[in-house]
Amino acid sequence: MSISCILQKSAITSLHQLYGLEFSEKDFQINQTKPEFEGDYSIVLFSLVKQLKLSPEAIGQDLGTSLVKNHPELFVSFQLIKGFLNITISDAYWLELLTKQYNDICYGKQPMNDKKVMVEYSSPNTNKPLHLGHLRNNFLGWSVAEILKANGYEVFKSCIVNDRGIHICKSMIAWQRYADGATPASTHTKGDHFVGDYYVKFNDAYKAEVAGLVEKGMPEAEAEKNAPIMLHTQRMLLDWEAGKPEVMELWKKMNGWVYEGFDSTYKKIGSDFDKTYYESDTYLLGKDIVNEGLSKKIFYSKPDGSVWIDLTAEGLDEKLLLRKDGTSVYMTQDIGLAKQKYEQYKIDQSIYVIGDEQNHHMKVLKSIAQKLGLPYADDIYHLSYGMVELPTGKMKSREGTVVDADDLVSEMIATAREHTEALGKVKDLDEAALTLLYETIAIGAMKFYLLRVDPKKKMVFNPVESIDFHGFTGPFVQYTYVRIKSILRKQPMPETQPLEAALLPLEKDLLVQLEQFPAMIIQAGKELNPSVLANYVFHLAKTFNGFLAEHSIANAESLEKKQLRLWLAVMTGNVLQSGLQLMGIGVPERM
RNA sequence: GGUUCGGUAGCUCAGCUGGAUAGAGCAUCAGCCUUCUAAGCUGAGGGUCAUUGGUUCGAAUCCAAUCCGAAUCACCA
């Protein structure tokens, strides 16, 4: 239990002893004491005034005295300033924390809680390469999964690959028409980019055909429907659904190229999945649920045979679930897949990491599940994140302003190399170690940059700012870790002795922050928000650097101080490493 | 038009379950490398927390209205 929780519980007990009244956590707040005042944690007294009909000063005096009397080993003194009761925690408490936890790799991790969660993220289309938006999604999903693990959940990472449909046929048609047998290997192109290029070629050809038809006097809307290449593509989709061998073969071949490309990108950015679903396997799911809904009269048929649900009472609209020809739509298969996940993995919660443009869809999905009375309906959670924009505005594929994931990774690695070479601190490392180092820095910078903001909010990706390795960045935190490692390599650990000397303010600041790490993990898990950790880890690194500028470890005033500071360094290093790890960011030993 | 989300320093963002003089980073300016990695540290300037009203001992935070911006409201996925 964190010290602020202990303080709150103790205060509740003291208030009961003093005034005979029951209070709860909601009745008063505990804050960290502002640096300009003496003390570590503050109890805000105002909210108690009304209930106790006493002045804040009187309450503070009573409460402070009682706390110190009841727990002299924890609370050594108090100061009463305006309506704030500032409590000073004993050095013994902080020293004990350090002694017990300084070298515990698992510090901050919560015990297993028997709950199972699935986190679905990434969800690529197999007709184009991954871009910046996918990166935010991947980093978020992976990090949230790790954070949940640290909170004691059993977590399954899943991915649904959008590998079928009209858009996939588009690149297939274009390849048939224009590739003349070219392959990723023959053109030395990464498979997903190769296929993506044909998707672009399709759109160019389609546009040209539409323009041609319009020129001949056809209205635009009609031209869009009747362009030969589009009709051709639609025929191919029907052939695909009928399982026509040559279409299936082409489809498998081209998707294979894409997967090869995706695999190498995923490997580079450190994304992985416990289970991959393919839409080609799941797109027929959910039809049994439609029948169930019809028999329960939750769904209804229209005269043309299509099946709908009326959600107007929920403030939503009517939603189609089965077309008149009996084929299912996006929503139908999502309902089916939700059920499959629940049944296969016995999960208690299903988290979907999907952009906020699908808020409506996910709300409808959950609402349908609830209406059907499905047992897992309430456990469907949409982790909705905002779009990534550029300083010039939104990314638009039509205008070629989409930031490609692979390009970005290569640029970041190149920048990391430049920086590192310019500083010249690791000239003695061999080529393999250097390659690893550049990747660790580059990927760390990208992940930190995309995870440091609240996922719910849309964010601006500034290419210039993103390659800055100073300040509120991943490399800054990594660098702090590297400094710690460097010190620990050079300073032998003195023989352990009990710590008793009084803590200096900067030493205590560090301990106060280290003590908050478990609470941060819990908060990040509750909010499904890695930015909590990004902020925390940055502050901790900042505090450590400040501490290091002021106090020497090698030439500490005494052997005891040296041991204390080495332990502080070890623990700070561990916490930085764990915190970064929860964001998918690795730490180098040198940089 | 309906629904949802957002508006905090020049820029990017914290803070939002109400609490002390609103914080970081970048950018700008001024300092700090014969001692543990300067990808660092210290300091300065920079704010009508969109606007107005309300609730409260106390509001960036809660409520209402207004203004501005975004997403969405497909027999696409």
Side-chain angles (χ1 to χ4, degrees), chain A residues 25-26 28-29 31 33-34 36-37 42 44-47 49-50 56 81-84 86 123 125 160 162 164-168 279 283 304 306 308 315-317 319-325 327-331 333-334 355-361 363-364 384 386-387 389 391 394 416 419-420 422-423 425-426 441 445 449 452-454 456-462 464-466 468-480 482-491 531-532 534-535 538-539 541-542 544-556 565-566 569 590-591:
Chain A
E25 285 82 17
K26 278 170 247 150
F28 60 97
Q29 278 184 23
N31 296 336
T33 304
K34 302 256 169 196
E36 57 268 33
F37 303 106
S42 301
V44 184
L45 299 165
F46 297 102
S47 49
V49 168
K50 209 172 259 177
I81 298 164
K82 292 195 236 169
F84 298 88
N86 299 341
S123 314
N125 287 340
I160 169 86
N162 197 305
R164 64 161 286 280
I166 191 82
H167 54 297
I168 305 299
E279 207 192 299
Y283 81 110
D304 67 0
S306 56
W308 297 74
L316 301 163
D317 41 18
K319 184 75 197 172
L320 176 93
L321 290 159
L322 223 51
R323 295 189 186 98
K324 63 184 173 203
D325 61 6
T327 56
S328 56
V329 292
Y330 180 34
M331 185 60 74
Q333 52 175 295
D334 259 9
D356 61 8
E357 70 272 14
Q358 298 214 39
N359 285 353
H360 182 257
H361 172 82
K363 211 193 266 180
V364 172
S384 163
M387 208 172 282
E389 295 178 1
K394 282 181 201 158
H419 265 263
T420 306
L423 291 169
K425 296 178 183 176
V426 287
I441 295 171
Y449 189 87
R452 69 185 195 180
V453 285
D454 187 332
K456 289 190 289 294
K457 296 190 181 172
K458 69 177 185 206
M459 64 174 294
V460 174
F461 180 87
N462 185 330
V464 178
E465 205 180 278
S466 71
D468 190 354
F469 293 164
H470 303 268
F472 188 26
T473 67
F476 167 81
V477 183
Q478 289 172 325
Y479 174 70
T480 307
V482 164
R483 289 183 82 186
I484 289 171
K485 282 292 164 178
S486 171
I487 291 170
L488 294 177
R489 273 194 300 272
K490 288 179 184 166
Q491 298 304 324
S531 80
V532 169
N535 280 291
F538 170 69
H539 271 288
K542 190 100 185 120
F544 185 83
N545 284 322
F547 159 80
L548 206 56
E550 209 59 43
H551 301 298
S552 172
I553 293 180
N555 304 314
R565 289 178 194 167
L566 280 169
R590 293 177 53 197
M591 66 191 278

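Not measured: the values here are computed from a predicted model.
With hydrogens and angles left out, the side chain of A:D304 and the base of B:C75 share a donor-acceptor pair within 3.5 Å. Side-chain atoms of A:N86 and base atoms of B:A20 include a donor and an acceptor less than 3.5 Å apart. For A:S42 against B:A20, a side-chain N or O and a base N or O form a donor-acceptor pair under 3.5 Å.
Atom CG of A:N359 and atom C1' of B:U4 are 7 Å apart (whole Å). Summarising the geometry, the separation between NE2 on A:H167 and P on B:C76 is reported as 13 Å, rounded to the nearest angstrom. The nearest whole Å value for the distance from the CG atom in A:N125 to the C1' atom in B:C76 is 11 Å. Atom pair A:H361:NE2 and B:C5:P shows a separation of 19 Å (rounding to whole Å applied). One atom, CD1 of A:I81, and another, C1' of B:G19, lie 14 Å apart when rounded to the nearest Å. In this structure, A:F84 atom CZ and B:G18 atom P are separated by 14 Å, rounded to whole Å. The separation between A:N545 atom CG and B:U42 atom P is 9 Å, rounded to whole Å. Atom pair A:M591:CE and B:A38:P shows a separation of 12 Å (rounding to whole Å applied).
The closest donor-acceptor contact from the side chain of A:T420 to the backbone of A:A416 lies under 3.5 Å. For A:R565 (side chain) and A:S552 (main-chain N/O), a donor-acceptor pair under 3.5 Å exists by modelled atom type.
In this structure, A:A549 reaches the sugar-phosphate backbone alone: every heavy-atom distance under 4.0 Å involves primed, P, OP1 or OP2 atoms, never a base. Counting non-hydrogen atoms under 4.0 angstrom, A:E357 reaches the backbone sugars and phosphates but no base. Looking at heavy-atom distances under 4.0 Å, A:D317 makes contact with sugar-phosphate atoms alone, never a base. If you check every strand for non-hydrogen atoms under 4.0 Å, A:L488 touches nothing. Base engagement by A:T420 is indicated by at least one non-hydrogen atom pair under 4.0 Å involving a base atom. Using a 4.0 Å heavy-atom criterion, one finds that A:V44 contacts the bases of the nucleic acid, with or without backbone contacts as well. Among the protein residues, A:R590 comes within range of the nucleic acid bases, having at least one heavy atom under 4.0 Å from a base atom. A:D325 comes within 4.0 angstrom of no nucleic acid atom, judged by non-hydrogen atoms across all strands. Within 4.0 Å (heavy atoms only), A:V482 reaches at least one base atom of the nucleic acid.
Out of B:U37, B:C13, B:C76, the shortest distance to the side chain of A:M459 is found at B:C13. Nearest to the side chain of A:S486, among B:U37, B:G40, B:A20, sits B:U37. Checking B:C75, B:U72, B:G40 against the side-chain heavy atoms of A:F476 singles out B:G40 as nearest. In the set B:A38, B:C75, B:U21, B:U21 carries the atom at the smallest distance from any side-chain atom of A:K82. For A:K363, taking side-chain heavy atoms from C-beta onward, the closest of the listed nucleotides B:U3, B:A20, B:C75 is B:U3. Minimum atom distance to the side chain of A:H360 is reached by B:U72, of the listed B:A20, B:A14, B:U72. Considering only the side chain of A:W308, B:C75 comes nearest among B:C75, B:C13, B:A38.
For B:C33, the base adopts the syn conformation, since its glycosidic angle falls within 90 degrees of zero.
For the pair A:R164 and A:Y283, the cation sits on the ring face: its NZ or CZ lies under 6.0 Å from the ring centre, inside 45° of the axis.
The phosphate of B:C75 (OP1 or OP2) has no side-chain N or O of A:K324 nearer than 4.0 angstrom. A sub-4.0 Å separation between OP1 or OP2 of B:A14 and a side-chain N or O of A:K457 is present. Between A:Q358 and B:U72 there is no side-chain N or O to OP1 or OP2 distance below 4.0 Å. Phosphate proximity of B:G19 to A:Q29: present, with a side-chain N or O under 4.0 Å from OP1 or OP2. Side-chain N/O atoms of A:K319 include none lying less than 4.0 angstrom from OP1 or OP2 on B:A74.
In this structure, A:K457 has no salt bridge (Lys or Arg N to Asp or Glu O under 4.0 Å) partners at least two apart in sequence or on a different chain. For A:D454, the salt bridge (Lys or Arg N to Asp or Glu O under 4.0 Å) partners two or more places apart in sequence, or in a different chain, are A:K456.
In this pair, A:Y449 and A:F461 present their aromatic rings perpendicular. The plane angle is above 60°, beyond the 30 to 60° band. Between A:F538 and A:F472, the ring planes are tilted. Angles from 30° to 60° get that label.
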Hey, what are the protein-to-nucleotides 25-29 of chain B N/O distances that come in under 3.5 Å?
unit_1: B:G25; atom_1: OP1; unit_2: A:K542; atom_2: NZ; d: 3.3
unit_1: B:G25; atom_1: O2'; unit_2: A:F472; atom_2: N; d: 3.3

Protein and nucleotides 68-70 of chain B: nitrogen or oxygen contacts under 3.5 angstrom:
unit_1: B:A70; atom_1: O3'; unit_2: A:K394; atom_2: NZ; d: 2.7

Could you pull out the protein-nucleic contacts involving nucleotides 57-63 of chain B (nitrogen or oxygen on both sides, under 3.5 Å)?
none

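Helical stems in RNA chain B, defined as runs of 3 or more consecutive Watson-Crick or G-U wobble pairs with both donor-acceptor distances under 3.5 Å, are listed by first residue as B:1-7 with B:67-73, B:10-13 with B:23-26, B:28-32 with B:40-44, B:50-54 with B:62-66.
Ring centroid separation for the pair A:F476 and A:Y479 does not come in under the 6.0 Å cut-off.
A residue-by-residue look at A:D356 and A:I166 shows that A:D356 has its nearest nucleotide of RNA chain B further toward the 5' end.
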